[in-house]
Amino acid sequence: MHLTTKQIEVLRIIAKGNPDGSHADLDEILERASYKPTKQAIQFTIRSLVDHGLIEKHASEKRRGRLRVLIGATTLGMHFANAGVSSVAAAIIESEEFDLG
């Protein structure tokens, strides 16, 4: 599994959630990103992370006057978000087969 630096950042934002312990929504993720992505770029990143099984969409909740989809990390996503780079690399190597011969 290959994750870009930006995907890892978004994963960590989602895994951290909100200060009150609730899941983040799309606009909250956009606000917390260190770079200034478009909403479409974050949606693309979220779809990719869902496809990898690292995050999942939860129920909708009314926030700031609109219905928002909440996004949280899966157990695997929490592992990747909290692990150091070497641990993530080791997990990726263990999960893939390499032909060294």
Side-chain angles (χ1 to χ4, degrees):
M1 174 183 331
H2 173 75
L3 297 179
T4 67
T5 305
K6 291 177 181 178
Q7 287 174 321
I8 293 168
E9 179 179 347
V10 170
L11 175 59
R12 287 183 174 154
I13 291 167
I14 292 169
K16 185 175 181 182
N18 292 324
D20 67 0
S22 64
H23 294 298
D25 61 49
L26 181 69
D27 291 327
E28 292 167 332
I29 296 165
L30 276 166
E31 290 171 6
R32 294 182 187 132
S34 65
Y35 61 105
K36 296 300 167 206
T38 63
K39 190 172 268 195
Q40 292 81 8
I42 287 291
Q43 289 170 329
F44 182 85
T45 299
I46 288 170
R47 279 193 301 274
S48 177
L49 293 172
V50 167
D51 289 345
H52 285 308
L54 300 173
I55 64 171
E56 57 192 3
K57 294 181 180 182
H58 294 275
S60 298
E61 185 177 286
K62 191 165 188 174
R63 293 182 176 181
R64 300 176 307 283
R66 297 189 63 207
L67 201 57
R68 314 278 177 164
V69 175
L70 305 183
I71 304 164
T74 63
T75 303
L76 180 61
M78 291 299 286
H79 172 73
F80 273 79
N82 295 324
V85 174
S86 60
S87 297
V88 171
I92 292 169
I93 289 169
E94 287 175 12
S95 70
E96 296 182 7
E97 295 181 22
F98 291 95
D99 182 11
L100 301 175

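Just the heavy atoms: all of them, side chains too, but no hydrogens, waters or symmetry mates, feed the values below.
Hydrophobic clustering of Ile, Leu, Val, Met, Phe, Trp and Tyr side chains at less than 4.5 Å, counting indirect connections, unites Ile13 with Leu3. Residues Leu70 and Leu67 fall into different hydrophobic clusters, defined by Ile, Leu, Val, Met, Phe, Trp and Tyr side chains chained together at heavy-atom separations under 4.5 Å.
Across every non-hydrogen atom of Glu9 and Ser34, the tightest pair is OE2-N, 2.6 Å. The shortest non-hydrogen separation linking Leu30 to Pro37 is CD2-O, 3.5 Å. Minimum interatomic distance between Ile29 and Ala24 (heavy atoms only, all atoms of both residues): CG1-CB, 4.0 Å. Scanning all heavy atoms of the two residues, the minimum distance from Ala73 to Ile14 falls at N-CG2, 3.7 Å. Summarising the geometry of Gly17 relative to Arg32, their closest heavy-atom pair is O-NH1, 3.7 Å, with the distance given to 0.1 Å. Summarising the geometry of Ala81 relative to Arg12, their closest heavy-atom pair is O-NE, 3.1 Å, with the distance given to 0.1 Å.
Interatomic distance, CD1 of Ile42 versus NZ of Lys6, reported as 9.5 Å (0.5 Å rounding). Atoms NZ and CD, on Lys36 and Glu31 in that order, are 8.5 Å from each other to the nearest 0.5 Å. Between Leu11 atom CG and Ile71 atom CD1 the span is 11.5 Å, to the nearest 0.5 Å.
At distances below 3.5 Å, not a single donor-acceptor pair connects side-chain atoms of Asn18 with backbone N or O atoms of Asp20.
Looking at residues two or more places apart in sequence or on another chain, you find a side-chain contact (heavy atoms from CB on, under 4.5 Å) between Arg64 and Asp25, Asp27, Glu28, Arg68.
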Donor-acceptor list for residues 43-57 side chains, cut-off 3.5 Å, not counting sequence neighbours:
residue: Thr45; atom: OG1; partner: Ala41; partner atom: O; Å: 3.1
residue: Ser48; atom: OG; partner: Gln7; partner atom: NE2; Å: 2.9

Applying side-chain contact (heavy atoms from CB on, under 4.5 Å), run through Leu26 and Val69 and close with a yes or a no.
CA-CA 7 Å; Leu26 181 69; Val69 175; over 6 Å; no
